[in-house]
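First comes the structure, then the notes that go with it.
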Amino acid sequence: MPEDILVAIAWPYANAEIHVGNITGSHLPGDIVARYHRLKGNRVLMVSGTDSHGTPVTLKADALGKPVEAVYKEYHAGFLELFRQLGITYDLFTTTHTENHFKVAQSVFLALKENGFLFTQKSMQWYSPAAKRFLPDRYVEGTCYICGADGARSDQCDACGNVLEPEKLINPRARTGDGALELRETEHYYLDLSKLEPEVKEFLRQRAGRMRETVLGESLGKIEAEGLKPRPITRDLDWGIPVPVEGWEGKCLYVWFEAVIGYLSAPIEWSRLNGQEKAWHAWWVNPAARQFYFIGKDNIFFHTSLWPAELMGAGEQFMKIFAGETGRLTVPYDVPANQFMNLEGQKISGSRNWAVWGRDALRRYDPDALRYYLTVNMPELRDTDWDWADFVARNNNELVATWGNLANRVLSFCYKHWEGQVPAVDPEALRPADRDLLAVIEAGFDSVGRELEAVHLRAALQEAMRLASEVNKYLDAAAPWFQIKTDKDEAARSIYTALRAIDSLKVMLAPFLPFTCQRLHEFFGYEQPLFGEQYTETVRDALGEHTVLRYRGVEAVQWRPSELPPGAKLNPPAPLYKKLDESLITEERARLGKEPQAN
RNA sequence: GGCGAGGUAGCUCAACGGUGGAGCAGGGGACUCAUAAGCCCUUGGUUGUGGGUUCAAGUCCCACCCUCGCCA
């Protein structure tokens, strides 16, 4: 019975390029899980998009002297290119700046309002008469009224560590250079999270068994200690989603509230693009659907507490308002958040160019080499470190030596001695040692699968690599290069066994290494590809047009042991991976912290 | 500052309160099909620091130090 799996990935913000930390933090783990479930024959929908709204994007546009829309689209286009090259197979990667997302987000807002979870409150905020805009607290700095230190942010002083009341800040000034500031009264909608606290706690307790320690501590632990407090969900901004209430012109939905709604609006857009209006119900109005959210640790609270609160608060009212239908929205199944990846011992920093940028790295390295290192080093339980020497070592000693060499040594030996065909061995005639190896390898569909189900991706890849090593040991014991001199039938049985083991391992490794496993798949002579293909499409709506990344899948259950037909014709094999030269370690280290090259 | 997570071999990570392990790197060996890859054997550790509980502590408790995240 196929399952409905939603793979929801954090929406990258439209004011910076994507680096290896972002990739290993959310996009790559999501893609691995999505590919695994597709191979299992499950119905997978993997979505994300560019978070196009909010103050940081408008400030970036100011700094560049360009229209906001042009800035978000530039980053968006870069994201699409990266995901295609790296094989991050989004069924839909869209943006928050679409007519559809506006309508969905506004419907969630109205549902919460009708259900009594919103209230309005007036407050004083810093306003720039010159720039004619209110400034968010973190863009206002001045002298701390508690310790007297200069350079305090209006909401917090880093010198004394106190949380500040913004209107008490002394000598306030805009960090954006917007000139003198004055206090003005403004009014905003608040989400009354205190009313939803019991439901959120219950939601988290039900998931305590499978959620990671880090994720639970950051959500349930905090709520139990501090409770959930109301939080504003609107802002004085003109770039964003208008508040759908009369008299509230000039105000927008706060990005923290609105961007997460993309997990719901993207599946709806995907359904429309496919001409199947209600297809999204399979993942969103279906209690049996499993939703996985792939995010970094900085985003945990938003996804484990605020987003479920929005969904539970909107309740059945959302379906009524949005589509005139009945039904309850599905809530997240798991939020396997990752920690952070550092770079050569220091925090990744875009502004200092202390980063390995995704698109830049792909100019010099194969996608699977990057995917391999980012998976074995994924920060699942704690922060990890990208180290160029380690990257070279793991590529050469593990990916090339253990797995790539295994495939190459067997395929080329076979191709040379059996005229480009799988030896025509009767599978019934296999010896005990052959059967033992195949049993060990085929058990991997369970053991690797179990780790993938639990989103233990490092362990899953490690297990698959351990199995590859078992095939190397088998070959050493069987030694077909000796057998062939005395008894070619014996050698044929050994090579057939090894080929079948490799053919199975190819499937287990495919979620991690999709490009090279597909090549290997072709060496074996298969016609049907392992995965579908990515493509882009331009969508027009009332807001203009936007380009989306999509995925056209293939129908097949391929997560199962190889049934390699004896005598099948092979294609000429070649090495799957490149050995990397150690000289690149110094070259890459020299790049760090320098001015970025022109793209 | 408050809250949360983490600190284990040179590196990356494991270890229901019960003899601290694995992979890679390092050292040695036999082989040669393969990208000098693979296979066998092997050297590495006062588990951040200081106390405590216990027959027994990496694991539980207290204090401190360091790293990272959040402050709704």
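These numbers come from a predicted model, not from an experiment. Within every chain, numbering begins at 1; the chains are lettered A, B, ... in the order of the sequence lines, protein sequences first and strands thereafter. Because only heavy atoms are used, hydrogens play no part in the values below, and waters and symmetry mates are left out as well, while side chains stay in.
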| remark: For residues 187-198 of chain A, the salt bridge (charged side-chain N to carboxylate O under 4.0 Å, His left out) pairs (sequence neighbours left out) are Glu197(A)-Lys201(A)
| said: Does the protein touch nucleotides 36-44 of chain B at the base, only the backbone, or not at all? Give it as B, S and - per nucleotide, heavy atoms under 4.0 Å. | reply: -SBSS----
| remark: Stem ranges of RNA chain B by first residue number, counting only runs of at least 3 Watson-Crick or G-U pairs under 3.5 Å, come to B:1-7 with B:65-71, B:10-13 with B:21-24, B:26-29 with B:39-42, B:48-52 with B:60-64
| said: Within 90° of 0 counts as syn, otherwise anti: where does rG29(B) fall? | reply: anti
| Looking only at side-chain N and O atoms, does Lys347(A) come under 4.0 Å of OP1 or OP2 in rU67(B)? | no
| message | If only side-chain N and O atoms count, and only distance matters, is there a donor-acceptor pair under 3.5 Å linking Tyr190(A) with Thr120(A)? | response | no
| request: Name all residues meeting the side-chain hydrogen bond (donor to acceptor under 3.5 Å, both in side chains) criterion together with Gln462(A); count only those two or more places apart in sequence or in a different chain, and write none if there are none. | output: none
| task | Kindly write out the residues that satisfy ring-ring contact (aromatic ring centres under 6.0 Å, His included) with His27(A), not counting sequence neighbours, or none if the list is empty. | result | Phe83(A)
| Restricting to pairs with a member in residues 408-419 of chain A, which pass side chain to side chain donor-acceptor pair (under 3.5 Å), not counting sequence neighbours? | Arg409(A)-Asn472(A)
| query | Does a donor on one side chain and an acceptor on the other come within less than 3.5 Å for Tyr373(A) and Asp390(A)? | reply | yes
Between the protein and nucleotides 59-63 of chain B, list every N/O to N/O distance that falls short of 3.5 Å.
none

| With distance as the sole test, does Ser48(A) use its side chain to make a donor-acceptor pair with the main-chain N or O of Ile9(A) at under 3.5 Å? | yes
| Quick one: what's the B/S/- string for nucleotides 5-11 of chain B, heavy-atom cutoff under 4.0 Å, read 5' to 3'? | SSSB---
| remark: When rounded to the nearest 0.5 Å, the distance separating CZ of Arg371(A) from CE of Met378(A) is 9.0 Å
| Residue pairs passing the ring-ring contact (aromatic ring centres under 6.0 Å, His included) test where at least one lies in residues 452-501 of chain A, sequence neighbours excluded | none
| request: Fit a plane to each ring of Phe391(A) and Tyr365(A), take the angle between them on a 0 to 90° scale, and name the class: parallel (under 30°), tilted (30 to 60°) or perpendicular (over 60°). | output: perpendicular
| request: Would you list the pairs meeting salt bridge (charged side-chain N to carboxylate O under 4.0 Å, His left out) in which at least one residue belongs to residues 451-460 of chain A, sequence neighbours left out? | output: Arg290(A)-Glu453(A)
| task | Can you sort out the partners of Arg589(A) under side-chain contact (heavy atoms from CB on, under 4.5 Å), two or more places apart, ordered by chain and number? | result | Glu344(A), Asp387(A), Trp388(A), Ala389(A), Ile585(A)
| message | Strictly below 4.0 Å: does Arg458(A) bring a side-chain N or O up to OP1 or OP2 of rC13(B)? | response | yes
| task | Say whether Trp307(A) and Tyr293(A), considering side chains only, have a donor N or O and an acceptor N or O under 3.5 Å apart. | result | yes
| request: Would you say whether Trp481(A) stacks on rC33(B)? The test is a distance between ring centres of less than 5.5 Å and an angle between planes of less than 30°. | output: yes
| said: Give the residues of residues 301-311 of chain A touching RNA chain B, defined as any heavy atom closer than 4.0 Å, sorted by residue number. | reply: Phe301(A)
| field | Span that lies between the C1' atom of rC40(B) and that of rC31(B), in whole angstrom | value | 10 Å
| Is any N or O donor-acceptor pair between the side chain of Lys222(A) and the base of rC70(B) shorter than 3.5 Å? | yes
| said: Please find the pair of heavy atoms, one from Ala309(A) and one from Val200(A), that lie closest to each other, and give the distance. | reply: CB-CG2, 3.8 Å
| field | Reported OH-to-OG1 distance for the pair Tyr189(A) and Thr234(A), which is rounded to 0.5 angstrom | value | 8.5 Å
| request: Taking the six-membered ring for Trp and the single ring otherwise, decide whether the centroids of Tyr254(A) and His188(A) are under 6.0 Å apart. | output: no
